[in-house]
Every structure is written in C-alpha cells, then in structure tokens.
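What follows is a single structure, written as structure tokens, with notes after it.
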Amino acid sequence: MQHDIVTARSAGRTASPILPDPSRLSLPERAVHVWVLNDALVEPACSTLAYTLSPDERQRARAYRHARNRNYFIARRSVLRWLIGGYLSCKPESLRFSITPFGKPALQWPHAASLAFSVSHTDGMTLLAFAWDCRVGVDVERRIDGVDVAGIGRGIFSPIEEEALDPARPDSAATLLSIWTRKEALLKALGMGLSGEPNAYTTKDDLLLGEGRWCASHNGTTISGWTCLDLVLGPEVRGALAASLEDASVTLHRYSLSTWGDQTPRQADAGVP
Ligand SMILES: CC(C)(COP(=O)(O)OP(=O)(O)OC[C@H]1O[C@@H](n2cnc3c(N)ncnc32)[C@H](O)[C@@H]1OP(=O)(O)O)[C@@H](O)C(=O)NCCC(=O)NCCS
C-alpha cells in the first residue's frame with residue numbers, strides 16, 4: 001500500500017531538527033521577519049509536519065501530480081503553520097485560514113490575531129514574511145533571460161516603469177525582475193495582487209533612503225509610511241518586500257544546513273542591479 005504522506009500523523013510536535021524552536025520565536029513590534037526557505041532543504045518537514053495541514057490544504061496537496069512538487073507544497077505550508085504557531089504561541093494544526101476574493105490568505109483563527117504574513121514561491125525557493133499590525137507583501141522570482149521585456153508587463157507596469165524598461169538596455173532583464181518583484185510585493189501587501197489596476201501603481205528607487213530601498217505611488221500620489229526593500233537572494237534570484245510600517249527593522253532568516261541564520265539586510269544584500 002502506498003503511504004499517503006498527506007494524511008500521515010507525526011509522532012510528536014518536536015518534529016524536525018531543521019525547524020526553529022517555536023518557543024524562541026519572537027517578533028518585535030515594528031519588525032519584519034523574512035524566512036528564506038530552500039525547498040529541497042525543508043522537504044523533511046513534509047513527513048514530520050503534514051499532520052498540521054487542514055483538509056482543504058491536504059486536498060490541494062493531492063492535486064499535485066508530481067510527488068516532489070506535492071512534498072514541497074506540504075513542506076512550505078507546514079513551515080508557514082509552524083512559524084505562525086510559534087509567533088502566536090498556538091499549535092500549528094489549530095490555525096484556520098480564510099482566503100479573500102483576490103486569493104490572499106488571512107488568519108481566521110485565532111480570531112483577531114494581528115499577525116500579517118505573506119508567501120511567495122519560485123522555482124526552488126520560498127519566502128515567508130511576518131509582521132504585526134500592518135500590511136505585508138513579499139515576492140521572489142528567478143531571472144529568466146530572453147523574455148519579452150516590453151510585452152510581459154503590458155497592462156501591469158505604469159508608464160514610468162515602462163520607460164525604465166527600455167528593452168535596448170543591456171540590464172533590461174535585471175530591471176524587469178526588480179520592477180516585477182517590487183510591484184508584486186506591494187500589490188500582495190495591498191491584497192489585490194495583479195487584479196485591479198496594477199498599472200496605477202509605480203515603484204521606484206528611494207534615493208533618500210539608499211541603495212536597495214524603494215518607494216511607491218498610486219496615480220502619482222506617494223504612498224508614505226512604508227518600508228520597501230529589494231532582497232538580493234542569489235545571483236539569479238531577486239525578491240522584494242513591502243510593509244506598511246515606517247522604518248521597520250527587517251531581518252532575513254536564511255536556512256543553512258546546520259542552522260537558521262539571522263541576517264539584517266545590508267547594503268550589499270539590498271542592492272539594486
Ligand atoms: C498574488 C499573485 C500576484 C501571486 O502571483 P505568483 O507570482 O504567481 O505567486 P507567488 O508565489 O509570488 O505568490 C503566491 C502566494 O501569494 C498569496 N496570494 C495569492 N493571492 C494573493 C493576493 N491577492 N494578495 C496577497 N497574497 C496573495 C498566496 O499566499 C499564494 O501562495 P499559496 O497559494 O501557497 O498560499 C497572483 O496570484 C495574483 O495576482 N492573484 C490575484 C488574482 C485574483 O484575483 N485571483 C482570484 C482567484 S482566487
């Protein structure tokens with residue numbers, strides 16, 4: 001009989017050595033934690049934590065045709081539950097999510113939990129962002145060369161962004177990645193994703209705050225009081241974070257083989273291309 005990993009029960013909650021101790025998770029006010037997961041490295045969470053998933057999440061997992069993708073989904077979802085459970089001091093399996101009409105997941109239980117979170121995934125890597133009492137959005141994309149730079153953002157990028165995306169420039173693929181991730185991070189924080197009017201929003205470098213910082217406007221009006229940051233996650237991978245908190249302290253938690261490493265994004269990590 002094939003073992004159904006989606007319905008497997010864990011022997012205990014201490015689970016996997018790769019996960020941080022939930023009792024030590026602490027998210028200060030006005031801080032944003034961004035967890036950087038390598039799908040292959042967190043895959044063991046799939047077998048130890050699958051029991052925390054809700055029936056609809058298990059159903060979603062079963063819809064993946066390839067076992068590896070199914071395992072990665074289960075691992076991502078259960079690590080999300082594990083971390084939220086740690087921040088809120090409750091069991092990961094007790095969490096209930098609702099989904100807005102635009103597809104944004106939100107906490108339904110515990111009621112009135114003020115933890116904001118955002119999820120993004122690209123080939124092999126997942127970002128999970130958390131903060132209290134604000135809107136938060138995160139996006140990660142892997143660079144793809146040879147894309148139709150002018151065509152891909154039609155209807156999504158604002159005229160100012162389109163101007164910056166001159167396909168004749170040698171760095172146009174990097175610029176595309178930067179604008180794309182910023183825009184998705186912002187729109188995910190706002191909750192509508194790419195539906196609505198994405199081209200009404202413009203993201204651009206925030207020269208006053210420094211390299212890797214950016215700001216956003218809506219129909220020409222600056223959106224103030226936000227912390228918006230590029231996240232350089234590897235030579236081919238770019239991320240962006242948007243949080244409706246002024247001057248928030250942002251920490252990246254990167255998984256390495258032995259431990260979770262904490263890292264406050266420095267100029268070098270937060271650089272624009
Ligand atoms: C949000 C969106 C930009 C994400 O695009 P993507 O680059 O393909 O995917 P990412 O990996 O970066 O992000 C996926 C995650 O974003 C989150 N998400 C989905 N819709 C979201 C929204 N409207 N706002 C914020 N976050 C959203 C989910 O957590 C999702 O992960 P999960 O399904 O595993 O929970 C895109 O899905 C979108 O524009 N959605 C809105 C369209 C819409 O109205 N859909 C209604 C159908 S329910």
Side-chain angles (χ1 to χ4, degrees), residues 6 32 34-39 42-43 45-46 49-50 52-64 68-84 92 95-108 115-131 134-144 147 152-158 161 176-201 203 216 218 223 226 228 230-231 233 236-244:
V6 182
V32 183
V34 181
W35 295 81
V36 185
L37 311 183
N38 173 314
D39 286 354
V42 296
E43 191 184 358
C46 165
L49 292 177
T52 64
L53 268 55
S54 64
D56 56 307
E57 288 167 331
R58 292 171 197 209
Q59 195 172 349
R60 201 172 149 194
R62 285 193 194 93
Y64 283 88
R68 200 180 64 164
N69 293 337
R70 183 165 59 244
N71 290 353
Y72 287 171
F73 170 79
I74 295 169
R76 278 201 301 275
R77 214 18 115 100
S78 49
V79 172
L80 176 70
R81 284 179 166 270
W82 181 269
L83 294 172
I84 294 178
L95 301 172
R96 294 286 170 264
F97 297 104
S98 59
I99 309 245
T100 70
F102 294 122
K104 183 179 170 94
L107 272 171
Q108 192 176 37
L115 183 70
F117 65 94
S118 181
V119 175
S120 184
H121 178 247
T122 194
D123 182 33
M125 185 180 285
T126 299
L127 297 189
L128 307 174
F130 302 93
C134 71
R135 298 169 175 216
V136 68
V138 74
D139 190 52
V140 60
E141 305 287 343
R142 194 172 286 276
R143 177 179 171 138
I144 307 170
V147 292
I152 198 167
R154 202 161 288 135
I156 292 177
F157 295 151
S158 69
E161 290 168 333
L176 172 69
L177 204 55
S178 168
I179 295 179
W180 187 273
T181 52
R182 289 175 178 187
K183 175 142 280 187
E184 274 209 12
L186 175 70
L187 295 176
K188 285 164 87 172
L190 294 171
M192 76 277 278
L194 294 176
S195 49
E197 284 186 301
N199 54 3
Y201 294 87
T203 63
H218 179 242
I223 301 175
W226 283 57
C228 300
D230 291 328
L231 305 168
L233 301 162
E236 301 294 315
V237 188
R238 173 57 60 101
L241 169 79
S244 63

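Indexing begins at 1, ligand by ligand and atom by atom, following the structure's order.
Atom-to-atom distance recorded for Arg60:CZ and Phe73:CZ is 4.0 Å, nearest 0.5 angstrom.
Per-atom contact check: atom 8 (O) of ligand 1 does not touch the protein, criterion being a heavy-atom distance below 4.0 Å. Protein non-hydrogen atoms do reach within 4.0 Å of atom 41 (C) of ligand 1. Put simply, atom 21 (C) of ligand 1 has protein non-hydrogen atoms near it, under 4.0 Å away.
Among all protein heavy atoms, the one lying closest to atom 44 (O) of ligand 1 is Ser195 OG, 3.3 Å. Among all non-hydrogen protein atoms, the one lying nearest atom 36 (C) of ligand 1 is Leu194 N, 4.7 Å. Looking at atom 2 (C) of ligand 1, its nearest protein heavy atom turns out to be Glu184 OE1, 4.5 Å. At the top of the distance list for atom 35 (O) of ligand 1, counting protein heavy atoms only, stands Arg77 NH2, 2.8 Å. Among protein heavy atoms, the minimum distance from atom 28 (C) of ligand 1 is reached at Pro105 CD, 3.7 Å. The nearest heavy-atom contact from the protein to atom 10 (P) of ligand 1 is Lys188 NZ, 3.5 Å. When only non-hydrogen protein atoms are considered, atom 32 (P) of ligand 1 lies nearest to Arg60 NH2, 3.6 Å. When only non-hydrogen protein atoms are considered, atom 23 (N) of ligand 1 lies nearest to Phe102 O, 2.7 Å.
Close N/O approach between Phe73 and ligand 1 is not found [any backbone or side-chain N/O within under 3.5 Å].
Residue Leu127 comes nearest to Asp139 through the heavy atom pair CD1-O, 3.8 Å, listed as atom of the first residue, atom of the second, then distance. Between Val138 and Ser118, the shortest heavy-atom distance links the atoms N-OG, 3.1 Å. Nearest heavy-atom pair across Lys188 and Ser120 is NZ-CB, 3.5 Å. Cys134 and Ser244 get closest at one heavy-atom pair: CB-OG, 3.4 Å. Contact record, Phe117 with Pro105: CZ-O, 3.7 Å, taken as the closest heavy-atom pair. Heavy atoms only, all atoms of each residue included: Ala185 and Ala240 are closest at CB-O, 3.4 Å.
Using a 4.0 Å cut-off between heavy atoms, Asp139 contacts ligand 1 through its side chain alone, with no backbone atom that close. Contact annotation for Met192 and ligand 1: only backbone heavy atoms (N, CA, C, O) come within less than 4.0 Å of the ligand. When non-hydrogen atoms are compared, ligand 1 lies under 4.0 Å from the backbone of Pro101 (N, CA, C, O) but not from its side chain. Looking at Lys104 against ligand 1, both its backbone and its side chain come within 4.0 Å, counting heavy atoms.
In this structure, Ile144 places its CD1 atom where only 12 or fewer heavy-atom neighbours from other residues, nucleotides or ligands lie under 6.0 Å away.
Atom numbering of ligand 1 starts at 1 in the shown order; those under 4.0 Å from a heavy atom of His121 are 10 (P), 11 (O). Close contacts between ligand 1 and Glu141 involve ligand atoms 7 (O) [criterion: under 4.0 Å to a heavy atom]. Less than 4.0 angstrom separates some heavy atom of Gly193 from each of these atoms of ligand 1: 23 (N), 39 (O).
In this structure, Gly191 is part of the shell of residues with a heavy atom less than 4.0 angstrom from ligand 1.
Judged by distance alone, the side chains of Asp39 and Thr126 do bring a donor and an acceptor atom under 3.5 Å apart.
The backbone N or O of Ala189 lies less than 3.5 Å from no partner atom in the side chain of Arg135, so there is not a single donor-acceptor pair.
If you run side-chain hydrogen bond (donor to acceptor under 3.5 Å, both in side chains) between Thr203 and each of Glu161, Lys183, Glu184, only Glu161 comes through. Screening Arg77, Arg70, Arg76 against Glu57 for a salt bridge (charged side-chain N to carboxylate O under 4.0 Å, His left out) leaves a single residue, Arg77.
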